[in-house]
Trainee: 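This structure is in structure tokens; I'll ask about it shortly.
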Amino acid sequence: MQFPQLNEKDIKYCAVFYEGQHNDARTNLAIAMSAAEKGADIANYVEMVDCIFDDAGKVIGIEALDRVTGDKFEIYANNVVFAGGPFTDSLREKESKSDTGEQPVATAVQGASGSHVVLPGYYAPNNMGLLDYNTSDGRFLFFLPWQGSVIVGTTDKKGPAETLPTAPEEEIEWILKECEKYLSHDLKVRRSDVLSAWRGWRPLAADPHAPPGGQVSRDHVISTNPNTGVTFIAGGKWTTWREMAQDVVDKVLGRDYDDTKCNTLDITLHGGDGYSNSLSVELIQKYGMDQKVAEHLVKTYGGRVWEVADRAKPTGKRWPRYGVQLVEGYPYIEAEVRYACQEYACTIEDILSRRTRLAFLNKDAAMEALPRVADIMAEELGWSKRTKASQMKAAQKYLESYGGRIPQEDGGKISLPLNQDVISLFDQLDTDGNGYLDIHEIKDMSERLGRPLSDKNLKKVFGEMDRNRNGKIEVEEFIHWLENSKDSTGFAKALNESNRLGGKAWLKRRSTTFLG
């Protein structure tokens, strides 16, 4: 069977189809670098803060802010195009001051957020995934191998776009519960298996300058403000990015240059030249690199891989000989950080989320790699101790916005594990295997947590669990207690936290007193 993780009994019919997959952050960077190679002036960490108008109210440039240095500068152009994705309307608001009667701009882009959960790679084959077109609430869900892990999503919720990727805990739990339906009952979907969780926004666009009744679209929309002359493009998707570029360039340049057409289809992206199917083998033979590292580097940098490999340092091992990894279990190497600094990377956050994908793949691994990334960037960019400390603090705050193995609690409210997690824990606590817990097993539980309950609190907790007053705690009572306990002793929270860590922390024996 090609997908042994699936629940064979409940799945009646499957259709197989094929789709492409890419590292979207690297594709985005390759596009920018390709533009620079063709003569474009590019600038990252730069924000447009205002428009520059002529006497007639036409936009002739923008005022920009360098987010790294704090410097402001002006950029003038014959044509201005806004391509801000779900943030497009916030850009368009900057041009409203010249509109007749100072009217606010009409909404063109609606944001729709989608949460994603990343699970260990063993949840799916490395060459096949799953798509459900009709989940319990009508949304679709995909379950796909991605970058050595498994990505599951997505939810679909309308709302304004945000810059931090925080995924609501209730959406993480909904995704995991949906997964339980498809997978074998032998493969338990645990909350503690969530390596990373995050939320992104897609733009749903409509033309505000079109006649009334225009449709909101997942395809791209291009529209020019007749008052300011500014053109915006919004909507679309990765599979149509060249078409989007062609359409907007032809529209803008067509006003002044009738014989000029976009030639994107003739341009190979940065890294495309020099690529071959045997490139990873050549890399291994020359540098003695780990095979997974070599394959990752080739997929990421293409023909530019030699520039990365030349920066690789010896591992000090017999094998692999070159390519010191940033963190165990992932193919990212220190040389990539050095190379990224040559490709205009200026923040630790950028390295951990976009130049590598560690933050999106494994929050804990990204946290572990953070200090070493800071050391390397300080060497490459000449950071002072103060700058390095500030960068580390900002990166840690950013990484905390991702979900991980432990749910983020809101106002002290306990975020409950999946029922399957609770049942699994119940079975481990039921040491004699008779299907219920007695007061002695509850006492053992508290001791194994390293937080023994006093006799008074032991009786109190057991009384809260024992709803039918028969001296036996069955699994339904245990689940009900976790979901509804007022937790005056704090014991439910302690137990829940240990369960989030995979049910192992409670096995550690310590002699501290717990609220006793």
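All values below come from the heavy atoms of this structure, side chains included, with hydrogens, waters and symmetry mates left out. Sequence positions, counted from 1, serve as the residue numbers for this chain. Fair warning: this is a prediction, and the values are worked out from it, not measured in the lab.
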Trainee: Taking all non-hydrogen atoms of both residues into account, name the closest pair between Arg199 and Trp201 and its distance.
Mentor: NE-CH2, 3.4 Å
Trainee: Around atom OH of Tyr322, are there more than 12 heavy atoms of other residues, nucleotides or ligands at under 6.0 Å?
Mentor: no
Trainee: For Asp41, look at atom CG and say whether over 12 heavy atoms of other residues, nucleotides or ligands are found less than 6.0 Å away.
Mentor: no
Trainee: Using the six-membered ring wherever Trp is involved, compare the ring planes of Trp241 and Trp238 and label them parallel, tilted or perpendicular (cut-offs 30° and 60°).
Mentor: perpendicular
Trainee: Taking all heavy atoms of Ala64 and all of Val46, pick out the closest pair and write down the distance.
Mentor: CB-CG1, 3.8 Å
Trainee: Does this structure show an ion pair linking Asp24 with Arg357, if we count only N-O contacts that are shorter than 4.0 Å?
Mentor: yes
Trainee: Do Thr88 side-chain atoms and Gly85 backbone N/O form a donor-acceptor pair below 3.5 Å?
Mentor: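 Here the side-chain-to-backbone pair exists.
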Trainee: Going by the angle between their ring planes, with limits at 30° and 60°, are Tyr287 and Trp306 parallel, tilted or perpendicular?
Mentor: tilted
Trainee: Calculate, to the nearest 0.5 Å, the distance between atoms CD and CG belonging to Gln2 and Asn127 respectively.
Mentor: 6.5 Å
Trainee: Name all pairs fulfilling the ring-ring contact (aromatic ring centres under 6.0 Å, His included) condition that reach into residues 362-392, sequence neighbours left out, sorted by first residue then second.
Mentor: none
Trainee: Run the salt bridge (Lys or Arg N to Asp or Glu O under 4.0 Å) test against Glu295 and tell me which residues pass, sequence neighbours left out.
Mentor: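 Testing Glu295 for salt bridge (Lys or Arg N to Asp or Glu O under 4.0 Å), a comparison that skips the adjacent residues, returns none.
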Trainee: Salt bridge between Asp50 and Lys94, side-chain N to carboxylate O under 4.0 Å?
Mentor: no
Trainee: Closer than 3.5 angstrom, by distance alone: can the side chain of Thr356 be matched with the main-chain N or O of Ile351 as a donor-acceptor pair?
Mentor: yes
Trainee: List the residues meeting side chain to side chain donor-acceptor pair (under 3.5 Å) with Gln246, not counting sequence neighbours, and say none if there are none.
Mentor: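 Gln246 satisfies side chain to side chain donor-acceptor pair (under 3.5 Å) with no residue once adjacent residues are dropped.
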Trainee: Taking the side chain as every heavy atom from C-beta outward, state whether Val152 and Leu119 have any pair of such atoms under 4.5 Å apart.
Mentor: yes
Trainee: What I want to find out is whether Lys397 reaches Glu400 closely enough, with some N-O distance under 4.0 Å, to be called a salt bridge.
Mentor: no
Trainee: So Val189 and Leu183, do their side chains get closer than 4.5 Å, heavy atoms only?
Mentor: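 The answer is yes, as the side chains (C-beta and beyond) meet within the 4.5 Å cut-off.
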Trainee: Specify the closest pair of heavy atoms between Ser401 and Pro165, including all atoms of both residues, with the distance to one decimal.
Mentor: OG-CD, 3.2 Å
Trainee: Could you tell me which residues satisfy side chain to side chain donor-acceptor pair (under 3.5 Å) with Asn28, sequence neighbours excluded, listed by chain and number?
Mentor: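 Checked Asn28 against side chain to side chain donor-acceptor pair (under 3.5 Å); zero matches.
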Trainee: Is there a donor-acceptor contact under 3.5 Å from the side chain of Ser149 to the main chain of Leu361?
Mentor: no
Trainee: If you round to the nearest 0.5 Å, how far is OH of Tyr133 from CG of Leu141?
Mentor: 12.5 Å
Trainee: For the residue pair Asn225 and Ser223, confirm or rule out a side-chain donor-acceptor distance under 3.5 Å.
Mentor: no
Trainee: What donor-acceptor contacts under 3.5 angstrom involve side-chain atoms of residues 363-373, with partners at least two apart or in another chain?
Mentor:
residue, atom, partner, partner atom, Å
Lys363, NZ, Tyr402, O, 2.9
Asp364, OD2, Arg405, NE, 2.8
Asp364, OD2, Arg405, NH2, 3.4
Arg372, NE, Glu334, OE2, 2.9
Arg372, NH2, Glu334, OE1, 3.3

Trainee: Going by heavy atoms in the side chains, are Val298 and Ser280 under 4.5 Å from each other?
Mentor: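 Heavy-atom side-chain distance check passes, below 4.5 Å.
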Trainee: How about Glu282 and Ser278: does a side-chain donor come under 3.5 Å of a side-chain acceptor?
Mentor: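 Judged by distance alone, the side chains do pair up.
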Trainee: Would you compute the distance between atom CD of Glu173 and atom CD of Glu171 and round it to the nearest 0.5 angstrom?
Mentor: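 The CD atom of Glu171 is 11.0 Å from CD of Glu173, to the nearest 0.5 Å.
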Trainee: Does Arg304 have any side chain to side chain donor-acceptor pair (under 3.5 Å) partners at least two apart in sequence or in another chain, and if so, which?
Mentor: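 Arg304 satisfies side chain to side chain donor-acceptor pair (under 3.5 Å) with Glu37, Glu307 once adjacent residues are dropped.
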Trainee: Looking at every heavy atom in both Glu336 and Pro331, which two are closest together, and how far apart are they?
Mentor: OE2-O, 3.9 Å
Trainee: Taking the side chain as every heavy atom from C-beta outward, state whether Leu6 and Leu130 have any pair of such atoms under 4.5 Å apart.
Mentor: yes
Trainee: Taking atom types as modelled, is there a side-chain donor on Glu74 or Tyr76 under 3.5 Å from an acceptor on the other?
Mentor: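 Note: Glu74 and Tyr76 side chains meet the donor-acceptor criterion.
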Trainee: Any salt bridge between Arg191 and Glu169, counting N to O under 4.0 Å?
Mentor: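 Yes, charged N to carboxylate O under 4.0 Å.
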Trainee: Would you say the side-chain atoms of Thr387 and Ser384 include a donor-acceptor pair closer than 3.5 Å?
Mentor: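 Yes, because at least one side-chain N or O of Thr387 sits under 3.5 Å from a partner of the opposite role on Ser384.
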Trainee: Is Arg26 paired with Glu343 through a side-chain N to carboxylate O contact shorter than 4.0 Å?
Mentor: yes
Trainee: Between Ser353 (side chain only) and Glu349 (backbone N and O only), is there a donor and an acceptor less than 3.5 Å apart?
Mentor: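 Yes; at least one donor-acceptor contact below 3.5 Å.
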Trainee: With a 4.5 Å cut-off on side-chain heavy atoms, are Ile62 and Phe73 touching?
Mentor: no
Trainee: If we ignore hydrogens and angles and just use 3.5 Å, is the side chain of Asp89 paired with the main-chain N or O of Val109 as donor and acceptor?
Mentor: yes
Trainee: Do Arg139 and Trp174 have side chains that approach each other closer than 4.5 Å (heavy atoms only, starting at C-beta)?
Mentor: yes
Trainee: Would Lys181 and Asp132 pass as an ion pair if we require N to O under 4.0 Å?
Mentor: no
Trainee: Kindly indicate, with the supporting measurements, whether the criterion side chain to side chain donor-acceptor pair (under 3.5 Å) is fulfilled by Asp137 and Thr135.
Mentor: CA-CA 5 Å; Asp137 63 0; Thr135 59; 3.1 Å; yes
Trainee: Short question: side chain of Thr224, backbone of Pro226 - any donor-acceptor pair under 3.5 Å?
Mentor: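 Such a contact is absent between Thr224 side chain and Pro226 backbone.
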Trainee: Can Arg92 be said to sit on top of Phe232's aromatic six-ring, NZ or CZ under 6.0 Å from centre and within 45° of the ring axis?
Mentor: yes
Trainee: Check Val293 against Met289 and note the closest heavy-atom contact, atom names and distance.
Mentor: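 Smallest interatomic distance, heavy atoms only, reads CG1-SD, 4.4 Å.
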Trainee: Is it true that Arg338 and Glu379 have a side-chain N and a carboxylate O under 4.0 angstrom from each other?
Mentor: yes
Trainee: Between Asn263 and Asp266 (side chain of the first, backbone of the second, donor and acceptor by atom type, cut-off under 3.5 Å), is there such a pair?
Mentor: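 No: the side chain of Asn263 does not pair with the backbone of Asp266.
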Trainee: Do NZ/NE/NH1/NH2 and the carboxylate oxygens of Lys58 and Asp54 come within less than 4.0 Å?
Mentor: no
Trainee: Please examine the side chains of Pro120 and Leu195, heavy atoms only from C-beta on, and report whether any two atoms are closer than 4.5 Å.
Mentor: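 Contact flag for Leu195/Pro120 side chains = yes.
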Trainee: Tell me if a side-chain donor or acceptor on Thr240 pairs with a main-chain N or O of Gly236 at a distance below 3.5 Å.
Mentor: no
Trainee: Begin with the C-alpha distance, continue with both residues' side-chain angles, and end with the deciding distance and a verdict on ring pair (Phe, Tyr, Trp, His ring centres under 6.0 Å) for Tyr344 and Tyr45.
Mentor: CA-CA 10 Å; Tyr344 314 118; Tyr45 312 106; 9.7 Å; no
Trainee: Please name the pair of heavy atoms, one in Leu381 and one in Ala345, separated by the smallest distance, quoted to 0.1 Å.
Mentor: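 Residues Leu381 and Ala345, closest heavy atoms: CD1-O, 3.8 Å.
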Trainee: Look up atom CD1 in Ile348 and atom CG in Asp375, then write down how far apart they are to the nearest 0.5 Å.
Mentor: 9.0 Å
Trainee: Got a second to check how far Gln325's CD is from Asp290's CG, nearest 0.5 Å?
Mentor: 6.0 Å
Trainee: Output, in order, the C-alpha distance, side-chain angles, deciding distance and verdict of side-chain contact (heavy atoms from CB on, under 4.5 Å) for Ile151 and Val117.
Mentor: CA-CA 6 Å; Ile151 184 172; Val117 166; over 6 Å; no
Trainee: Rounded to the nearest 0.5 Å, how far apart are CG of Asp350 and OH of Tyr398?
Mentor: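 One gets 9.0 Å once the value is rounded to the nearest 0.5 Å.
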Trainee: Any donor and acceptor pair, going by atom type alone, linking the side chain of Asn227 with main-chain N or O of Gly57 inside 3.5 Å?
Mentor: no
Trainee: Taking the six-membered ring for Trp, are Phe142 and His116 parallel (under 30°), tilted (30 to 60°) or perpendicular (over 60°)?
Mentor: tilted
Trainee: Is there a side-chain contact between Lys157 and Pro168, using heavy atoms and a 4.5 Å cut-off?
Mentor: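 No, too far: nothing below the 4.5 Å cut-off.
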